[in-house]
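Right, one structure below, let's go through it.
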Amino acid sequence: MRILEKTTTEVPPLGDPQLGDYCRRIAQQAQAASVKLAQLSGEAKIAWLRLSAESLRAESKAIVQANDQDLEAAPGYGLTDAAIDRLRLTPDRIESIAVALEQVAQLADPIGKVIDSTVRPNGLVINKIRVPLGVVFFVYESRPNVTADAAAICVKAGNAVILRGGKEAIHSSQAIVDIMRAAARKTRVPADAVQLVDTTDREAVGHFLRLPDYIDVAIPRGGEGLIRRVAAEAQMPVIKHFTGNCHVYVDAAADMNMATEILVNSKCQRMGVCNAAESLLVHADIASEFLPLAATALEKHGIEIRGDDRTCELVPNASIATEEDYATEFLGPTISARVVGSVAEAIEHINRYGSGHTDAIVTNNLLAAQEFTAQVDSAAVMVNASTRFNDGGEFGLGAEIGISTDKFHARGPCGIEELTSYKYVVYGRGQTRK
């Protein structure tokens with residue numbers, strides 16, 4: 001059992017009937033659009049994505065002006081300098097968004113793909129065919145580029161999407177969605193395939209989560225509080241991950257230089273992301289040699305180490321770790337550390353404290369690697385590679401809408417195929433069952 005457990009949250013009552021009517025209308029429009037999308041050709045979706053990219057470039061000045069309104073309001077929301085920078089849109093960043101849409105356009109269309117086909121002894125032909133999920137309710141925080149990315153990947157997979165972004169980016173997101181809806185009207189994509197919730201009232205999220213007759217799946221992307229709220233209140237399936245407490249285990253048979261580089265990249269390349277390493281495990285046989293090397297390398301990046309007694313003996317600047325430290329996703333310049341006596345002990349630690357996201361082993365021992373990959377219960381298990389590679393783009397999946405630590409319906413990076421389901425289509429010649 002993991003230390004981090006899902007908590008039970010009381011679902012609050014909803015008191016605004018007008019807001020409820022608004023949310024229901026949006027969801028009904030999305031469902032109607034999803035029926036049309038399911039029958040739409042791949043060429044039509046490609047045409048929409050390419051026109052959307054061209055239109056974003058053409059309307060770059062208008063998008064920047066809308067973004068300026070969000071930037072002006074940002075200090076009032078208490079955003080940090082780093083958060084404001086993520087919010088900011090420039091012509092170069094808008095160009096990157098347009099390029100991302102064009103990359104989604106180039107991905108293979110999954111809809112209608114025959115996953116499997118069999119012929120039964122009675123002559124029935126049974127095809128397993130990929131189909132859209134239907135309507136996606138996507139709740140996310142304030143990064144306007146995510147608005148375009150989510151719309152693109154959902155529609156490419158044949159789904160209508162309801163976008164509920166953070167209030168901090170409401171003007172930027174609205175400008176982007178308006179452009180993409182205008183492009184839809186010029187192609188065969190239904191405009192209501194992409195809708196932005198234009199109220200910042202938090203109660204709206206609760207209304208949408210109570211509409212399983214119209215919404216097929218909810219996907220929250222943001223902080224743990226947001227994800228736990230959606231998971232607790234949703235009456236439809238949720239694709240989620242609560243935290244990214246990722247580990248790097250350095251085995252007795254590890255190459256020291258390789259292990260140091262992988263650790264530093266996993267922890268320091270970007271600290272505030274879900275696939276950054278938060279915990280270091282080191283085999284006892286090499287701890288006296290490796291931990292001082294690791295500490296020196298991490299110190300250059302300002303990383304604080306919180307470790308067990310043995311770690312603190314070998315790294316004088318380290319402080320004693322608590323149980324809470326081992327279960328924490330720091331998202332900053334802190335890492336927990338522990339010396340373990342075996343691969344099995346490392347696995348036990350990861351499965352107890354980890355979040356099922358991404359965990360890595362550094363070793364030249366094939367048996368140790370096989371034991372680790374078979375028994376660590378995570379969405380991605382890396383052998384001699386950084387945890388930072390657990391990403392849709394790095395895995396060759398193209399765009400992704402998030403990384404799931406669930407086991408149903410999707411696990412790991414959620415690309416286009418993870419936003420689909422399947423149905424069985426059976427062809428007969430008049431057969432009846434006896």
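Everything numeric here is computed off the predicted structure, so don't read it as measured data.
- Salt-bridge check for D70 with K167: failed, with every basic side-chain N at 4.0 Å or more from each acidic carboxylate O.
- Between R130 and E417, at least one side-chain N (NZ, or NE/NH1/NH2) sits under 4.0 Å from a carboxylate O, which counts as a salt bridge.
- Using modelled atom types and a 3.5 Å distance limit, the side chains of N127 and S117 yield a donor-acceptor pair.
- Considering only heavy atoms from C-beta on, I153 comes within 4.5 Å of I416 through its side chain.
- The aromatic rings of F372 and Y249 lie parallel to each other, with less than 30° between the two planes, well short of the 60° mark.
- To the nearest 0.5 Å, atoms CE (M180) and CG (L101) are separated by 5.0 Å.
- At a cut-off of 3.5 Å, with distance as the only test, a side-chain donor of S378 or D359 sits close to an acceptor on the other residue.
- In this structure, Y326 and Y353 have tilted ring planes: the angle between them lies in the 30° to 60° band.
- D192 places no side-chain N or O within 3.5 Å of a backbone atom of Q29 that could act as its donor or acceptor partner.
- If you check the side chains of N245 and S355, you find no donor sitting under 3.5 Å from an acceptor.
- Sorted by first and then second residue, the side-chain hydrogen bond (donor to acceptor under 3.5 Å, both in side chains) pairs with a member in residues 391-403 form an empty list; sequence neighbours excluded.
- At distances below 3.5 Å, at least one donor-acceptor pair connects side-chain atoms of H409 with backbone N or O atoms of E418.
- Taking all atoms of both residues into account, the shortest heavy-atom contact from H247 to L281 is CD2-CD1, 4.3 Å.
- Formation of a donor-acceptor pair under 3.5 Å by the N145 side chain with backbone atoms of I97 is not found in this model.
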>> What verdict does the side-chain contact (heavy atoms from CB on, under 4.5 Å) test give for D198 and Q174, after you've listed the backbone C-alpha separation in whole Å, the side-chain angles of each residue and the deciding distance to 0.1 Å?
In response: CA-CA 8 Å; D198 61 11; Q174 189 67 67; 3.8 Å; yes
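- Each of L209, I26, V135, V136 was scored for a side chain to side chain contact (heavy atoms under 4.5 Å, CB included) with I215, with one residue passing: V135.
- Taking the charged nitrogens against the carboxylate oxygens, E43 and K45 have no contact shorter than 4.0 Å, which rules out a salt bridge.
- Within the model, atoms OG1 of T243 and CD1 of I227 stand 8.5 Å from one another, a figure rounded to the nearest 0.5 Å.
- With rounding to the nearest 0.5 angstrom, the CD1 atom of I46 is 13.5 Å from the CG atom of L51.
- With sequence neighbours excluded, the residues that form a side-chain contact (heavy atoms from CB on, under 4.5 Å) with V99 are R57, E95, E102, Q103.
- No donor-acceptor contact under 3.5 angstrom links the side chains of S266 and R388, judged on distance only.
- Among residues two or more places apart in sequence or in another chain, the salt bridge (Lys or Arg N to Asp or Glu O under 4.0 Å) test is passed with R338 by E345.
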>> Before you tell me yes or no, could you show the steps for K300 and V264 under side-chain contact (heavy atoms from CB on, under 4.5 Å), namely the whole-Å CA-CA distance, both residues' side-chain angles and the distance that decides it to 0.1 Å?
In response: CA-CA 10 Å; K300 293 177 182 177; V264 170; over 6 Å; no
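- Under 4.0 Å is where a charged nitrogen must lie from a carboxylate oxygen, and between E54 and R50 no such pair does.
- A salt bridge is absent between D149 and K156; no separation between the charged side-chain nitrogens and carboxylate oxygens falls under 4.0 Å.
- Put simply, CD on E203 and SG on C23 are 8.5 Å apart, with the number rounded to the nearest 0.5 Å.
- Using a 4.0 Å cut-off between charged nitrogen and carboxylate oxygen, D406 and K240 count as a salt-bridge pair.
- A donor-acceptor pair shorter than 3.5 Å cannot be found between the side chains of D325 and S336.
- The distance from atom CZ of F137 to atom OH of Y214, rounded to the nearest 0.5 Å, is 15.5 Å.
- Atom-to-atom distance recorded for L89:CG and S60:OG is 8.5 Å, nearest 0.5 angstrom.
- The 12-atom threshold is exceeded at OH of Y22, counting heavy atoms of other residues, nucleotides or ligands nearer than 6.0 Å.
- In this structure a side-chain-to-backbone donor-acceptor pair under 3.5 Å is missing from E168 to A74.
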>> Would T358 and M382 count as a side-chain contact (heavy atoms from CB on, under 4.5 Å) here? Give the steps.
In response: CA-CA 7 Å; T358 312; M382 322 296 286; 3.8 Å; yes
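- In this structure, L397 and L107 approach most closely via the heavy-atom pair O-CD1, 4.1 Å.
- Salt bridge annotation for E323-R352: present, with a cationic side-chain nitrogen under 4.0 angstrom from a carboxylate oxygen.
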